[in-house]
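This chain uses plain numbering: 1 for the first residue, then up along the sequence. Ligands are counted one by one from 1 in listed order, and the atoms in each one are counted from 1 as well. These numbers come from a predicted model, not from an experiment.
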Amino acid sequence: MSEQPAQVLVVEDEAAIADTVLYALRSEGHAAEHCALGRLALERVRAGGIDVVVLDVGLPDLGGFEVCRQLRTFSQVPVIFLTARNDEFDRVLGLELGADDYVGKPFSPRELVARVRARLRRPAQALPAEAGWVLQGAFAIDREGRRVRYREALLDLTRYEYALLAALLQRPGAILSRAQLMERGWDHASDSADRTVDTHVKTLRAKLRAAGAEDDPIRTHRGVGYALDV
Ligand code: CA
């Protein structure tokens with residue numbers, strides 16, 4: 001994250017504000033992208049690769065608070081709220097919903113960029129030694145929070161990627177068939193095919209690589225399934 005430009009998602013329905021924010025972020029060397037609807041923001045974060053979300057509270061479809069609440073069911077990506085209403089209640093509610101920071105409108109683009117930078121520098125969450133985290137080799141898993149760290153880095157996983165990894169971490173080294181993996185991670189196994197598992201394994205591998213895995217910890221056993229080296 002320190003060497004690659006950060007990918008910032010700006011969720012804001014007012015074009016003028018969005019443009020100002022995007023311009024400020026890009027001039028700092030970040031790769032900023034924009035969407036104007038909460039629903040689209042959720043889809044975009046789910047697709048992966050977002051390092052920070054700048055989230056307007058007043059959006060035309062889902063409100064920013066609702067977006068944040070839904071986001072936290074599958075992602076720990078840092079969220080910075082943008083809000084016109086500068087009162088304490090909103091601030092507290094936002095933080096309770098899992099936001100990481102808060103910038104009140106009107107704000108200076110410089111201030112916002114500084115907050116984004118601060119989120120990128122800070123480790124996303126507390127250390128694995130904290131309650132809830134179980135260390136397994138280079139991995140640490142918090143099953144209640146549905147979170148996984150690899151070499152200290154919190155992985156931004158989709159629901160299925162998390163399910164796959166959690167299943168593999170239950171029995172490190174054991175080979176699990178695609179059907180077994182699907183059974184553990186999918187609500188409706190019949191809706192999916194073997195290829196679905198392969199697709200999620202592929203994106204999971206890319207995320208592990210991005211988190212510093214030199215040798216792929218997920219081993220493919222042709223015709224049988226997958227196993228995880230911790
Ligand atoms: Ca707005």
Side-chain angles (χ1 to χ4, degrees), residues 1-2 4-126 145-147 154-162 203 207 210:
M1 197 146 66
S2 55
Q4 280 184 329
Q7 194 73 31
V8 185
L9 177 64
V10 178
V11 191
E12 167 62 76
D13 59 312
E14 281 168 70
I17 295 176
D19 285 347
T20 308
V21 172
L22 289 169
Y23 179 81
L25 289 167
R26 285 173 185 152
S27 27
E28 281 283 308
H30 300 301
E33 52 186 285
H34 169 239
C35 66
L37 294 175
R39 191 171 41 78
L40 297 177
L42 288 169
E43 276 172 27
R44 180 59 194 89
V45 173
R46 235 185 218 113
I50 297 296
D51 298 314
V52 177
V53 178
V54 174
L55 181 59
D56 182 27
V57 168
L59 294 168
D61 60 337
L62 298 174
F65 288 147
E66 177 59 18
V67 172
C68 186
R69 196 188 62 72
Q70 291 192 27
L71 201 67
R72 281 292 171 257
T73 63
F74 65 89
S75 171
Q76 288 300 317
V77 67
V79 171
I80 301 174
F81 268 125
L82 279 184
T83 173
R85 294 163 296 171
N86 217 344
D87 63 42
E88 185 69 10
F89 173 74
D90 273 5
R91 203 177 70 81
V92 171
L93 180 62
L95 297 176
E96 273 175 5
L97 284 167
D100 298 89
D101 206 347
Y102 175 94
V103 179
K105 292 178 187 174
F107 58 89
S108 80
R110 272 178 90 155
E111 183 196 355
L112 177 62
V113 169
R115 300 288 184 95
V116 167
R117 204 185 303 126
R119 294 323 310 179
L120 290 169
R121 248 192 256 122
R122 202 166 307 177
Q125 290 291 318
R146 301 179 68 80
R147 299 180 292 181
L154 189 68
L155 301 172
D156 183 20
L157 301 172
T158 64
R159 190 174 134 208
Y160 293 130
E161 288 162 357
Y162 170 80
T203 54
K207 288 179 184 180

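Among pairs with a residue in residues 5-14, those fulfilling side-chain hydrogen bond (donor to acceptor under 3.5 Å, both in side chains) read Q7-E33, E12-K105, at least two apart in sequence or across chains. Counting only residues at least two apart or on different chains, the salt bridge (charged side-chain N to carboxylate O under 4.0 Å, His left out) pairs with a member in residues 17-29 are E28-R117.
Scanning both residues, L120 and H30, for their nearest heavy atoms gives CD1-CE1, 3.6 Å. Of all heavy-atom pairs spanning V79 and L71, the tightest one is CG2-CD2, 3.4 Å.
None of L37, D56, L42, V53 except one satisfies the side-chain contact (heavy atoms from CB on, under 4.5 Å) rule with V11; the exception is V53.
Judged as a salt bridge (charged side-chain N to carboxylate O under 4.0 Å, His left out), and not counting sequence neighbours, E43 has no contacts.
Inspection of the environment of the Ca ion (ligand 1) yields the following protein N, O or S atoms under 3.0 Å: D13 OD1, D56 OD2, G58 O.
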